[in-house]
Amino acid sequence: MSAGRPEILFPLFSETTALNGVGPKIGQALAKAGIEKPRDLIFTLPASGIDRRVRSSILDATLPAVVTVQVVIGAHQKPPRSGRPYRIMVQDAKTEFQLVFFHAREDWLQKQLPSGQSRLISGKVEVFDGLAQMVHPDHILVDHEAEGLPEYEPVYPLTAGVVQKTMGKAVASALERTPDLPEWIEPSVFQKQEWPDWIDALLAAHAPRSDADFLPQAKHRARLAYDELLAHQMTLALARANARRARGRTTVGTGVLQSKVLANLPYSPTGAQTRAISEITGDMAGPLRMSRLLQGDVGSGKTLVAFLAMLAVVEAGGQAALMAPTEILARQHLESLQPLAESAGVRLDILTGRDKGEARNAKLDGLESGDIQILTGTHALFQKDVAFADLRLAIIDEQHRFGVRERMELGEKGRAVDSLVMTATPIPRSLALAHYGDMDLSVLDEKPAGRKPVETVLVSSGRLDEVVERLRSAVKDGRQVYWVCPLVGESEVVEMTAAEERHRALRVALGEDVVGLVHGQLPPAEKDAAMASFVAGETSVLVATTVIEVGVNVPRATIMVVEQAENFGLSQLHQLRGRVGRGSEVSTCLLIYDPPLGATARARLEIMRETNDGFRIAEEDLRLRGAGDVLGVQQSGLPKFRIADLETQTDLMRMAQDDARLLLSKDPDLSSSRGQAMRVLLYLMEQDRAIRLLSVG
């Protein structure tokens, strides 16, 4: 593929200034909106349309509305003084109305709209003081020009300095130079979906005939969306094939250590856990490098699956590392896994940024000698001086909080390291495919036996005193409570202030020794001390910001209070609710909101009340908030699609993944005629990563 972009695409990758109506100034304005070449223009589809069909009279429309009518021009009414509008009376087949112009030159108006002549005009008609008016018509055409007005006019998204007329002319010019390209879609898929050819789909998308042509399921729109998704999935499939091409190491455990741990558990693993362990150990025993995502709802038992996978590595003589996004979570892993490690006779340790001097050096020595068999920790794990004797498995917890680069750096600490990514955020299927499509997927969709669903109650902020009274009796009964403070935009300092104020108020109401405080601005030692005293039951109420969202495990905590719950995303509320309900007691989540609630906020809170199913909640979150917010825009690395819609086109994403993987299995270097067409698609969609992978392949 080193030959570079195929010649057939050259016309789409020239300067926009080569197009009709695009000079240097317009070219600069388009570039600010990310439109730098004809290719960008053809994929900037109209966002809506205007019905310009000719009517006999404005009386045939329900006003206000855009109306196109044939009129006879009547008298011109010049403004009595400057700053007043210029008015022209016109007569259609049934009634009279006014054309209104502000700051227009009289000579231009006399020339365009001479009294007694006929014109076709189109624009928005509104009734003002009982008189119908069309202010600044969009179109004024003499009879022979009328044919040039489309019955249904596409409306493009605009940027400053570019008007609809200019945009339409530039798009038309770009479409004229667009070549017909060879078909890259699997023939059986193409026929089953009854899609048009690529060029026909493109032309149809730019010439809508009705509102229905803008729906994602319209044949031409669906086909263009599929092309985008297919190019993306082919890139992920190539990345997956490339990672596997770098041969893995066969790691086969004996099962001895796993058996010891399972024998010491007070419960049996769920069917989903057993299946996931089998998939992971099967991957590690194979000749190819593992790249797997372990996705599970809150409390589905991912940590046990991860630990059993790490034991298989230790059984085979290797080492494993488990990286968490925060020190609190890393220490939580250490505390929950230490008893299991001891029962198996395995040495487990932790490395965080807090380790300094001799203590740190001793850990590094233990790692390099192989004495430390399993290491948990934060991003400190991939610092330069951290060396393993034989790292074979890298597990990343809450992957969406790490960049891809960090994941790769940890994997480079060993030779052909297998990688397992875990997330407790249930991700809708379409997002999982878009974000992790290069990985194999294991899903934990069962809760361990004995887990009771958390009862969720919506409470107006006007009843805050009642909530505090309820907590008073709960604390007397020996129960523990999380109180999560409002999410205040992006400001941790404001959130800290809210938490500190709530902390003070609850200490007054419930007693000074009863209430602890944790927020992101506290020094790590203070944060850990506050968490430790809550875990130990020394404090009964923990006031916190969302730092407690992930991973903290306190079985005696049975009440979760979330203030201003309407400001949180659904997935985040579900994560917070997952902090309770971890013991055998019935647990409650109180979502406190400030009335009145908007429609979306109410829908979010109602869903929380209806279900404890994280996967359903994630799908609803996607529908209500959109893809970037569900994964977190900064870290998500989600591809930016111009046409495809991850929220409504899940099925297309799944089809595209199957299509891409099937083609690559039959034609690994894309040398067949369809493979060559796929190469054209990758260049067209600017999938540089795929092109690089093919070049080295």
Side-chain angles (χ1 to χ4, degrees), residues 19-30 46 48-173 207:
L19 301 172
N20 292 344
V22 183
K25 197 172 174 185
I26 298 291
Q28 283 180 338
L30 288 172
S48 62
I50 298 172
D51 187 344
R52 298 276 186 198
R53 281 173 299 184
V54 180
R55 299 171 189 263
S56 62
S57 171
I58 62 168
L59 297 179
D60 298 340
T62 305
L63 304 181
V66 172
V67 187
T68 305
V69 285
Q70 195 81 33
V71 296
V72 175
I73 312 300
H76 285 233
Q77 298 173 5
K78 298 174 193 174
R81 57 183 183 276
S82 65
R84 306 294 290 172
Y86 191 108
R87 300 173 188 274
I88 303 173
M89 297 306 294
V90 296
Q91 174 80 42
D92 67 23
K94 296 179 184 175
T95 190
E96 195 175 44
F97 62 99
Q98 284 186 341
L99 305 184
V100 180
F101 297 88
F102 292 88
H103 313 299
R105 292 199 329 271
E106 184 184 348
D107 58 341
W108 182 84
L109 290 172
Q110 292 284 2
K111 189 177 175 184
Q112 289 289 317
L113 296 155
S115 296
Q117 289 203 15
S118 172
R119 290 287 185 271
L120 184 73
I121 59 169
S122 186
K124 189 172 185 182
V125 179
E126 296 180 273
V127 177
F128 186 71
D129 278 350
L131 190 66
Q133 300 182 340
M134 185 186 287
V135 179
H136 288 277
D138 302 326
H139 298 275
I140 302 170
L141 304 168
V142 293
D143 292 348
H144 71 272
E145 295 172 329
E147 287 181 8
L149 185 68
E151 286 196 346
Y152 194 85
E153 185 178 43
V155 177
Y156 288 93
L158 295 179
T159 183
V162 183
V163 296
Q164 282 297 339
K165 195 172 179 182
T166 306
M167 190 73 175
K169 196 184 284 187
V171 168
S173 181

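In this chain, residues are counted from 1 in sequence order.
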Enter the distance from [X]:[atom1] to [Y]:[atom2] here, rounded to the nearest 0.5 Å.
{"X": "K165", "Y": "D138", "atom1": "NZ", "atom2": "CG", "answer": "11.5 Å"}
{"X": "Y86", "Y": "W108", "atom1": "OH", "atom2": "CH2", "answer": "11.0 Å"}
{"X": "I140", "Y": "L109", "atom1": "CD1", "atom2": "CG", "answer": "7.5 Å"}
{"X": "S122", "Y": "R55", "atom1": "OG", "atom2": "CZ", "answer": "10.0 Å"}

| message | Please evaluate residues E126 and Q133 with respect to the criterion side chain to side chain contact (heavy atoms under 4.5 Å, CB included), reporting the C-alpha separation (whole Å), side-chain torsions for both, the decisive distance (0.1 Å), and the verdict. | response | CA-CA 5 Å; E126 296 180 273; Q133 300 182 340; 5.8 Å; no
Show the nearest heavy-atom pair for residues [X] and [Y], with the distance to one decimal.
{"X": "G74", "Y": "S115", "result": "O-OG, 2.8 Å"}
{"X": "A29", "Y": "V162", "result": "CB-CG2, 3.8 Å"}
{"X": "A61", "Y": "V67", "result": "CB-CG2, 3.8 Å"}
{"X": "I88", "Y": "L113", "result": "CD1-CD1, 3.7 Å"}
{"X": "S118", "Y": "Q70", "result": "OG-NE2, 2.9 Å"}
{"X": "A65", "Y": "T62", "result": "CB-O, 3.4 Å"}

Does any non-hydrogen side-chain atom of [Y] lie less than 4.5 Å from one of [X]?
{"X": "L99", "Y": "R87", "answer": "no"}
{"X": "D60", "Y": "K94", "answer": "yes"}
{"X": "V66", "Y": "D51", "answer": "no"}
{"X": "Q98", "Y": "M89", "answer": "yes"}
{"X": "R119", "Y": "P114", "answer": "yes"}
{"X": "V69", "Y": "F97", "answer": "yes"}

Hey, can you pull the donor-acceptor pairs under 3.5 Å for the side chains in residues 146-158, sequence neighbours left out?
| from | atom 1 | to | atom 2 | distance (Å) |
| --- | --- | --- | --- | --- |
| Y152 | OH | D211 | N | 3.4 |
| Y152 | OH | D211 | OD1 | 2.3 |
| E153 | OE1 | R52 | NE | 2.9 |
| E153 | OE1 | R52 | NH2 | 2.9 |
| E153 | OE2 | H139 | NE2 | 3.2 |
| Y156 | OH | H206 | ND1 | 2.9 |

| query | Parallel, tilted or perpendicular: which describes the rings of H136 and F102, with under 30° parallel and over 60° perpendicular? | reply | parallel
| Worked check of side chain to side chain contact (heavy atoms under 4.5 Å, CB included) between K169 and L19 | CA-CA 8 Å; K169 196 184 284 187; L19 301 172; over 6 Å; no
| Partner set under salt bridge (Lys or Arg N to Asp or Glu O under 4.0 Å) for K111, not counting sequence neighbours | none
| said: Please tell me whether S57 and D92 have a donor and an acceptor in their side chains that are separated by less than 3.5 angstrom. | reply: yes
